[in-house]
Structure formats: structure tokens, C-alpha cells
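Below you'll find the structure, written out as C-alpha cells, and then a few comments.
No experiment lies behind these values; they were computed from the predicted model shown.
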Amino acid sequence: MDRTWEESAQRTDSQVLQAQNGFPEDASEDGLSESFRLLQIDVEYEPREEEASPANSAAWSSKNVQRKQRRWERIVSSKKSKRKQEKERRRARRAEHPDDDGTCPQHSKRFLKALTKERLLEAKHSGPRLCVDLSMTHHMSKKELSRLAGQIRRLYGSNKKASRPFWLCLTGFSAGSPLYEECLRMNDGFSSYLLDVMEEDCVSCFPLEALVYLTPDSEHPLEDIDLNTVYVIGGLVDESIQKKVTFQKAREHSVKTARLPIQEYMVRRQNEKNYHSEILAINQVFDILSAYFETHNWPEALKKGVSPGKGYVLQDSVE
């Protein structure tokens with residue numbers, strides 16, 4: 001029995017050595033020995049070279065780092081470009097509005113918004129008043145309403161920027177009307193505008209003796225701006241203007257009228273169409289009033305509001 005065991009052990013050792021040398025015994029045998037199977041398991045589960053290679057892992061990590069580095073460089077470059085543009089804008093503002101010490105203090109948007117609100121509310125109590133009469137818009141087309149809504153937006157924007165703003169009133173203006181819906185559609189934040197909105201006509205909202213209706217058909221030039229007067233502008237666009245509509249309305253209600261002093265400070269300029277008009281958009285009228293209220297200089301104010309297309313130039317500009 002001991003002899004049999006020794007022969008079996010020698011045969012197993014021979015098989016292992018042959019397997020290690022690459023010469024396995026014939027496959028017709030009962031099977032691979034346990035030792036050879038263990039060797040096969042070791043070979044099968046040996047880590048693949050490309051997975052275990054530190055070089056490949058380092059290469060993958062390097063590409064990832066490079067991608068992140070490129071992304072970071074783009075972000076830094078964008079921030080530098082924005083900072084450069086902001087510096088150029090500040091430099092331009094300082095050049096346009098230099099202070100006594102040559103510096104321009106920077107304020108946050110929240111501070112500037114609060115300052116604008118304070119100026120507008122102060123105008124409500126102590127500033128001049130401007131009323132836009134919107135009671136004559138029911139016959140206007142959608143295109144004309146859109147133009148009027150745009151003029152209201154520009155008028156309000158100019159008033160916000162003014163150092164001495166007016167207090168604005170929109171009369172004959174009801175929520176849900178076509179013009180109101182057009183203002184909501186075209187003007188961002190319209191519902192938050194700091195102004196008075198009244199459904200009643202201007203002749204019902206204010207004492208008649210406090211009103212002055214600005215119309216180009218008046219015989220009386222406007223000489224100055226009175227803080228106790230409410231100046232009324234007819235809310236009409238060029239296509240809708242009929243001869244003397246606003247002037248006739250003022251006369252019917254015994255309201256005083258005035259016109260901008262275009263004839264006193266400007267002269268007609270020859271042009272190919274021979275076109276001359278004193279009819280201005282409501283925002284152009286306001287720009288003239290606002291400029292005069294700040295400068296008390298009619299020629300300078302008229303130059304700001306009367307475009308060359310109207311056919312008028314300042315008298316000093318005539319050769």
C-alpha cells in the first residue's frame with residue numbers, strides 16, 4: 001500500500017512539473033490534477049497588464065486634470081475680460097461726469113434704485129406735475145397703441161434719470177383697456193411704475209385753474225415751469241392727430257393752453273420735402289420740459305427734443 005501511495009505521489013509531481021514546463025499529460029486522463037487546477041485559477045485571475053499598469057492609470061488621470069485645467073483657464077479668461085470691460089465703462093463714466101476730486105464713487109444697484117425712488121416720491125410732494133391725457137385713444141389702431149406704449153416707456157425712463165424729475169399722471173387710463181394691455185406687454189415692470197394711474201379724465205382729476213394743456217395750436221408760448229401747475233400732454237401719436245383736437249378739448253373745458261416756444265427760438269430749415277412740423281411725440285415734449293426745468297435754457301432744451309426731421313433748427317445754427 002505504501003508503494004502504491006508513493007507511485008501516485010510521483011505521478012502527481014510529474015504532472016505538476018510538466019504543466020509548469022508547458023507539457024501537460026494527455027487529456028484522456030481523468031482530468032487535471034488539483035495542483036494544476038490551482039495553477040489555472042492563478043493564471044485566470046491574474047490582473048490584466050493594462051488594468052494594473054500604473055502608467056495607464058496615470059495617463060487617464062493626466063487627461064482628466066488637463067480637461068479641468070482647460071476649463072478653469074476659460075473661466076479665468078472670461079472673468080478677466082469682464083473685469084476689463086467694467087473698468088473701461090467706469091473710465092468712460094468718469095470722463096463724462098468727473099467729480100471735483102477726479103473720482104467717481106461706485107454704488108450698488110440697490111442703492112441707485114432706492115435713490116431714484118426717493119427722488120420720484122419727493123417730486124410727488126414738491127415737484128412739477130405732468131399729466132398724459134389718454135382719454136382719446138379709443139379710436140387708435142393696435143399699431144398706434146404700440147407706438148404710444150413705447151413713448152410712455154421712454155418718457156418714464158427719461159424721468160427716472162432726471163436729477164429733478166416730474167411727478168407723472170396717466171389719466172383716462174383704465175386697467176384692462178387695449179392700451180393698458182399693450183403697456184404691460186411692451187414695458188417691463190409697468191405695473192410697478194411710480195406714477196398715478198386714473199380712470200377719470202384729467203379735467204375731473206385736477207382743478208381746472210391748475211391745468212395748462214400743451215398743444216401746438218395754442219397762441220401762447222410757454223415761458224416757464226410753475227410748480228403749482230399741472231401740465232397736460234395729449235396722448236396721441238402722429239398717425240392719429242387730427243387738427244386742433246387737444247386745443248378744442250381745452251377750450252371746451254375752459255382750460256388754459258400753451259405751446260412750446262419753438263417759433264421764438266427756432267427757424268424753419270429748407271429741406272427737399274418742404275416739411276415743417278411742431279407736432280412732437282409725448283416723450284419728446286417731456287424731454288424738452290425736463291431739460292428746461294434743469295437748465296432754464298430754452299434753446300438748449302429745444303435742441304434736445306426737436307429732431308432735425310421736424311424741419312426746425314436753432315436760430316444760432318443758421319448760416
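Under the 4.0 Å criterion applied to side-chain N and carboxylate O atoms, Arg259 and Glu264 are assigned as salt-bridge partners. A salt bridge between Glu252 and Lys249 is absent, with no side-chain N of the basic residue lying under 4.0 Å from a carboxylate O of the acidic one.
Here the closest non-hydrogen pair linking Pro165 and Ala162 is CD-O, 3.7 Å. Between Leu179 and Ala149, the shortest heavy-atom contact is CD1-N, 4.3 Å.
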Would you sort out whether Arg67 and Trp72 count as a side-chain contact (heavy atoms from CB on, under 4.5 Å), showing the intermediate values? CA-CA 9 Å; Arg67 186 175 67 253; Trp72 175 250; over 6 Å; no
Test side chain to side chain donor-acceptor pair (under 3.5 Å) on Trp167 and Asp196 and set out the steps. CA-CA 8 Å; Trp167 181 249; Asp196 284 333; 2.8 Å; yes
Go through it in stages, so that I can follow the logic: the residues are Arg185 and Glu182, the test is salt bridge (charged side-chain N to carboxylate O under 4.0 Å, His left out), and I'd like the CA-CA distance, side-chain angles, deciding distance and then a yes or no. CA-CA 5 Å; Arg185 184 183 71 85; Glu182 197 66 14; 2.4 Å; yes
Run the side-chain contact (heavy atoms from CB on, under 4.5 Å) check on Leu211 and Lys256 step by step: do they pass? CA-CA 7 Å; Leu211 297 176; Lys256 297 187 292 290; over 6 Å; no
Would Cys131 and Ile233 count as a side-chain contact (heavy atoms from CB on, under 4.5 Å) here? Give the steps. CA-CA 6 Å; Cys131 170; Ile233 305 175; over 6 Å; no
Could you walk me through whether Glu199 and Ser174 pass side chain to side chain donor-acceptor pair (under 3.5 Å), step by step? CA-CA 5 Å; Glu199 294 187 10; Ser174 58; 5.4 Å; no
Could you walk me through whether Lys244 and Thr215 pass side-chain contact (heavy atoms from CB on, under 4.5 Å), step by step? CA-CA 8 Å; Lys244 296 186 177 181; Thr215 169; over 6 Å; no
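Proximity of Leu145 to Val237: side-chain heavy atoms (C-beta onward) are nowhere separated by under 4.5 Å. A heavy-atom distance below 4.5 Å is not found between the side chains of Lys303 and Pro299. The shortest distance between side-chain heavy atoms of Asp224 and Tyr292 falls below 4.5 Å. Between Thr246 and Met136 the shortest side-chain heavy-atom distance falls below 4.5 Å. The shortest side-chain heavy-atom distance between Tyr312 and Leu302 does not fall under the 4.5 Å cut-off. Side-chain contact between Trp298 and Ile288: present, with at least one pair of heavy atoms (C-beta onward) separated by less than 4.5 Å. Residues Val212 and Thr257 fail the side-chain proximity criterion, which asks for heavy atoms closer than 4.5 Å. With a 4.5 Å cut-off on side-chain heavy atoms, Met140 and Arg147 do not count as touching.
Gln284 and Gln151 are not linked by any side-chain donor-acceptor pair at a separation below 3.5 angstrom, with hydrogens and angles left out of the test.
Exactly one residue among Leu168, Asn283, Leu155 makes a side-chain contact (heavy atoms from CB on, under 4.5 Å) with Val132. That residue is Leu155. Each of Val306, Leu280, Leu130 was checked for a side-chain contact (heavy atoms from CB on, under 4.5 Å) with Val285, and the lone residue meeting it is Leu280.
To the nearest 0.5 Å, the span separating OG on Ser177 from NE2 on His138 amounts to 12.0 Å. To the nearest 0.5 angstrom, Met198 atom CE is 7.5 Å from Thr171 atom OG1. Taking CD of Glu294 as the reference point, atom OG of Ser163 lies at 3.5 Å (rounded to 0.5 Å). In this structure, the separation between OG1 on Thr116 and NZ on Lys161 is 10.5 Å, given to the nearest 0.5 Å. Between Arg74 atom CZ and Gln69 atom CD the span is 11.0 Å, to the nearest 0.5 Å. Atom CG in Asp133 sits 10.5 Å away from atom CG in Leu170 (nearest 0.5 Å).
Distance alone, capped at 3.5 Å, is enough to place a donor-acceptor pair between the Tyr231 side chain and the Asp226 backbone. Looking only at distances, a side-chain donor or acceptor of Ser126 sits under 3.5 Å from a matching main-chain atom of Glu122. Side-chain atoms of Thr137 come within 3.5 Å of backbone N or O of Leu134 as a donor-acceptor pair. With hydrogens and angles disregarded, no donor-acceptor distance shorter than 3.5 Å links the side chain of Asp201 to the backbone of Ser204. Using a distance-only test at 3.5 Å, with no hydrogens or angles considered, no donor-acceptor pair links the side chain of Gln248 to the main chain of Val245. In terms of modelled atom types and a separation under 3.5 Å, the side chain of Ser78 and the main chain of Ile75 share no donor-acceptor contact. Of the possible polar contacts, one joining the Arg119 side chain to the Lys160 backbone as a donor-acceptor pair under 3.5 Å is found. Without hydrogens or angle criteria, Lys304 side chain to Ala291 main chain gives no donor-acceptor distance under 3.5 Å. Glu300 places no side-chain N or O within 3.5 Å of a backbone atom of Asn297 that could act as its donor or acceptor partner. With hydrogens and angles disregarded, a donor-acceptor distance shorter than 3.5 Å links the side chain of Ser218 to the backbone of His220.
Note: Tyr180 and Phe173 have tilted aromatic rings, judged against thresholds of 30 and 60 degrees for the angle between ring planes.
Asp188 meets the side-chain contact (heavy atoms from CB on, under 4.5 Å) test with no other residue; sequence neighbours excluded. Under the rule for a side-chain contact (heavy atoms from CB on, under 4.5 Å), the partners of Pro128 that lie at least two apart in sequence or sit in another chain are Phe166, Ile225, Leu227, Phe293. Partners of Glu181 under the side-chain hydrogen bond (donor to acceptor under 3.5 Å, both in side chains) rule, at least two apart in sequence or in another chain, do not exist in this structure.
Tracing side-chain contacts under 4.5 Å through hydrophobic residues (I, L, V, M, F, W, Y), one reaches Leu148 starting from Leu184; they form part of the same cluster. Note on Phe247 and Leu214: separate hydrophobic clusters, where clusters join Ile, Leu, Val, Met, Phe, Trp and Tyr whose side-chain heavy atoms are under 4.5 Å apart, directly or indirectly. Residues Val197 and Leu120 share a hydrophobic cluster, clusters being chains of Ile/Leu/Val/Met/Phe/Trp/Tyr side chains in contact below 4.5 Å. Tracing side-chain contacts under 4.5 Å through hydrophobic residues (I, L, V, M, F, W, Y), one reaches Phe206 starting from Leu208; they form part of the same cluster. There is a path of hydrophobic side-chain contacts, each under 4.5 Å, that joins Leu194 to Phe190.
Counting non-hydrogen atoms of neighbouring residues, nucleotides and ligands closer than 6.0 angstrom, the CZ atom of Arg154 exceeds 12 such neighbours. The environment of CZ in Arg251 is sparse: at most 12 heavy-atom neighbours from other residues, nucleotides or ligands sit within 6.0 Å. Within a 6.0 Å radius of CD in Glu118, no more than 12 heavy atoms belonging to other residues, nucleotides or ligands are found.
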